[in-house]
Amino acid sequence: MRASQLFFPTLREVPAEAEMISHKLLLRAGFIRRVGAGIYDYLPLGYKVLKKIEKIAREEMDAQGGQELLMPALLPAELYQETGRWGLDVLFRIKDRYDRDYLLGFTHEEVITDIVRRDVRSYRELPLNLYQIQTKERDEPRPRGGVVRGREFIMLDSYTFDRNWEDLDRAYERMYVAFSRTFARCGLDTLVVEADSGAIGGKDSQEYMVIADSGEDTVLLCAECGYAANAEKCEIGRIDVKKSEQELHALELVDTPDARTIEQVTSFLKKSPKKLVKTLIYQAEDEVVAVLVRGDRELNEAKLMRALGGKDIEMAEADVIEKLTGAEVGFAGPIGLNGARIIADHEVEGMSNFVVGGNKTDAHYINANIGRDFGIDEYADLRVASKGDACPKCNGILREHRGMEVGHIFKLGTIYSEGMGAKFLDDDGKEKSFIMGCYGMGISRMLAAIPEVNSDSDGMIWPISVAPFEVAVILLNSGDEAQCGAAIRLYEELQQAGVDVLLDERDERPGVKFKDADLIGCPIQVVAGRLAGEGKVELRTRASKDKEEVALDDATQRILELRRELYSRLEDKAQEVVFAKKG
RNA sequence: CGGGGCGUAGCGCAGCUUGGUUAGCGCGCCAGUUUUGGGAACUGGAGGUCGAGAGUUCAAAUCUCUCCGCCCCGACCA
């Protein structure tokens with residue numbers, strides 16, 4: 001490709017819309033443009049990278065027995081009404097001219113399950129692994145970071161169908177390999193963390209995280225044993241509760257006018273939130289539950305739900321709280337609370353002389369103590385894990401990192417197959433529901449994740465496997481015959497050798513070409529400049545900024561060598577990642 | 001959905017508080033000349049429903065109201 005022909009509108013100034021590094025760079029380098037909130041154009045360079053990512057993903061999926069298909073983006077409501085997901089608020093719902101309901105596909109469990117229930121009858125046709133790479137549509141409450149969280153985005157979604165759980169484990173392993181290798185080949189270091197399966201449902205699930213400060217997720221990592229989990233999932237190890245040795249003070253009800261929030265109470269009473277216990281009133285189906293966590297902690301609703309045996313939970317309505325506590329919302333406490341089960345986070349057990357709500361408007365108790373002043377029905381792991389908490393596996397200390405989720409793999413089990421009546425006949429003559437897995441990879445998000453962790457002040461630094469061009473040949477002065485000849489010769493030789501190469505022969509000043517080349521971030525740069533008169537060119541690598549002078553006659557060979565080396569580094573990484581898992 | 005902010009040329013912004021010539025600056029763009037190893041210089045140009053609508057006023061980018069769009073923080077998040 002010749003740069004003079006290529007549409008890549010680079011910007012010198014950073015558009016005001018961008019906050020994240022990758023977002024700024026993708027805009028500046030002319031890879032993407034915003035069309036609406038969370039909706040982006042992929043311009044030629046961005047699209048080229050996207051296609052390279054997809055190609056790698058396809059190779060790895062196919063290598064693990066995946067078969068590519070394509071499902072529609074426009075879907076009839078009925079399928080999602082079957083599973084009850086028609087009501088989700090991330091759905092874009094539309095109507096046709098006859099007022100029939102449709103949605104834009106946001107994930108395709110229902111559609112794939114429908115395919116399989118129609119046409120798969122026997123265990124002999126299993127295992128089955130079907131995937132697609134497709135545009136997804138979600139009415140995200142808050143799109144952000146450009147292509148990091150869009151309302152329209154490109155995802156690879158894969159689904160496996162097996163006859164039993166052991167086979168699902170094997171299918172899951174294979175997808176683990178495919179995903180790990182794909183990310184490694186795209187130059188992404190990922191951390192695999194235990195995850196909450198959220199609205200998709202299911203048993204085990206793991207997320208692939210790219211560690212980056214700008215990531216939206218919090219992950220906790222144990223330096224001792226390597227346990228890693230998303231904060232929304234992370235369990236907390238039990239450290240033996242040391243009952244505080246402190247002398248118990250007398251319980252006292254004090255006025256706290258208008259102090260409803262933790263912040264208001266702490267500033268009014270001049271006490272640290274660590275000396276508070278907050279009481280959250282939850283409606284758990286037929287039951288009302290009072291949940292106690294330390295004032296500076298956050299309740300993890302998923303944990304609460306599990307502790308309550310899987311009941312649906314939601315914060316109780318104001319009238320329920322008022323009836324239960326006899327006070328306005330904001331003053332609930334465990335003392336004298338009747339009619340609600342009291343469940344507390346383990347950490348609360350070790351506290352003494354703490355502050356709780358007074359069950360009276362504008363009042364809190366100080367110096368409350370468990371046992372003396374009230375009882376706890378049950379202790380459980382209820383809070384959101386944070387740094388410093390104990391590892392659930394080895395009691396090491398958990399550290400906190402920010403992560404960008406680029407992949408999520410689930411063992412679904414029979415949630416969808418049972419819900420939709422997708423069954424097969426097993427070799428024992430019995431009809432059984434398919435055991436399913438589903439696996440999602442954020443292809444368009446990777447377009448941002450890669451430069452998010454690979455850039456410098458000059459621009460993006462693409463791994464060769466996904467770079468918009470493997471090599472950029474920069475012709476400094478197109479008026480100079482020697483430079484011109486050298487550049488064109490190299491360009492043609494490299495093309496002959498199958499290299500994806502850009503020739504910048506634009507009528508621009510050298511500075512502009514250098515800046516653009518760095519911004520776009522092709523891994524290998526070749527400069528045809530002054531040295532061309534002596535039959536030499538300059539080779540540079542974008543990442544290290546190393547320069548070497550090479551005789552024009554040897555340049556193509558040298559570039560091919562360099563290219564091979566860059567690829568083999570990525571391949572080594574891919575093998576390491578898989579090996580590490582097995583070992 | 002809550003909080004904050006923004007909307008003026010392709011991009012970045014000033015002007016608005018205190019209404020008043022033809023709405024400005026930098027970058028980019030077009031033409032020409034000179035330049036050519038890290039975003040050139042000069043000369044001359046093109047480019048605007050000042051987000052939309054309504055109102056106040058002799059007069060609105062500027063004041064008032066309504067709406068729309070976008071960004072950030074939070075809530076939420078296959």
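Heavy-atom basis, side chains included; hydrogens, waters and symmetry copies ignored. Proteins get letters first, then strands, A, B, ... in listed order; numbering begins at 1 in each.
Counted by atom type alone, A/Asn230 and A/Glu207 present one or more donor-acceptor pairs between their side chains at under 3.5 Å. Side-chain polar atoms of A/Tyr439 and A/Arg174 form no donor-acceptor pair below 3.5 angstrom.
Among the heavy atoms of the strands lying under 4.0 Å from A/Arg28 is at least one base atom, whether or not backbone atoms are also near. Counting non-hydrogen atoms under 4.0 angstrom, A/Asp480 reaches nothing in the nucleic acid. A/Phe153 comes within contact range of at least one nucleobase, with a heavy-atom separation under 4.0 Å.
As a whole-Å value, the separation of A/Leu91 CG from B/C77 P is 15 Å. Rounding to whole angstrom units, CG of residue A/Asp41 and P of B/G10 are separated by 16 Å. Distance CG (A/Asp196) to C1' (B/C77): 11 Å, rounded to an integer number of Å. Between the P atom of B/C25 and the CD atom of A/Glu13 lies a distance of 16 Å, rounded to the nearest Å. Remark: C1' of B/G37 and CG of A/Asp516 are 15 Å apart, rounded to the nearest angstrom.
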Contacts under 3.5 Å, N or O only, protein and nucleotides 43-47 of chain B:
none

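Under 4.0 Å is where a charged nitrogen must lie from a carboxylate oxygen, and between A/Arg117 and A/Asp114 at least one such pair does.
A search for side chain to side chain contact (heavy atoms under 4.5 Å, CB included) contacts involving A/Thr556 returns A/Leu490, A/Glu493, A/Leu494, A/Leu560, not counting sequence neighbours. A search for side chain to side chain donor-acceptor pair (under 3.5 Å) contacts involving A/Glu152 returns nothing, not counting sequence neighbours.
With a cut-off of 3.5 Å on both Watson-Crick or G-U wobble distances, the partner of B/A40 is given as B/U34. The partner of B/U57 is absent, by the rule that a Watson-Crick or G-U pair needs both atom distances under 3.5 Å. Nucleotide B/C77 has no partner under the Watson-Crick or G-U criteria, as no pair reaches both atom distances under 3.5 Å. Pairing partner, B/G69: B/C6, with both Watson-Crick or wobble hydrogen-bond distances short of 3.5 Å.
Taking the centre and axis of the six-membered ring of A/Phe153, the NZ or CZ atom of A/Lys136 falls outside the cone set by 45° and 6.0 Å.
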Practice item. Let me have a per-nucleotide readout for nucleotides 28-36 of chain B, 5' to 3', with B, S or -, counting only protein heavy atoms under 4.0 Å. Key: S------BB

Exercise for review: Starting at the 5' end of nucleotides 70-76 of chain B, put B wherever the base has a protein heavy atom under 4.0 Å, S where only the sugar-phosphate does, and a dash everywhere else.
Suggested key: SSSBBBB

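Residue pairs meeting the salt bridge (charged side-chain N to carboxylate O under 4.0 Å, His left out) criterion with at least one member in residues 258-267 of chain A, sequence neighbours excluded, are A/Asp258-A/Arg260, A/Arg260-A/Glu328.
Straight-line distance between the P atoms of B/G7 and B/C50: roughly 15 Å, to the nearest whole Å.
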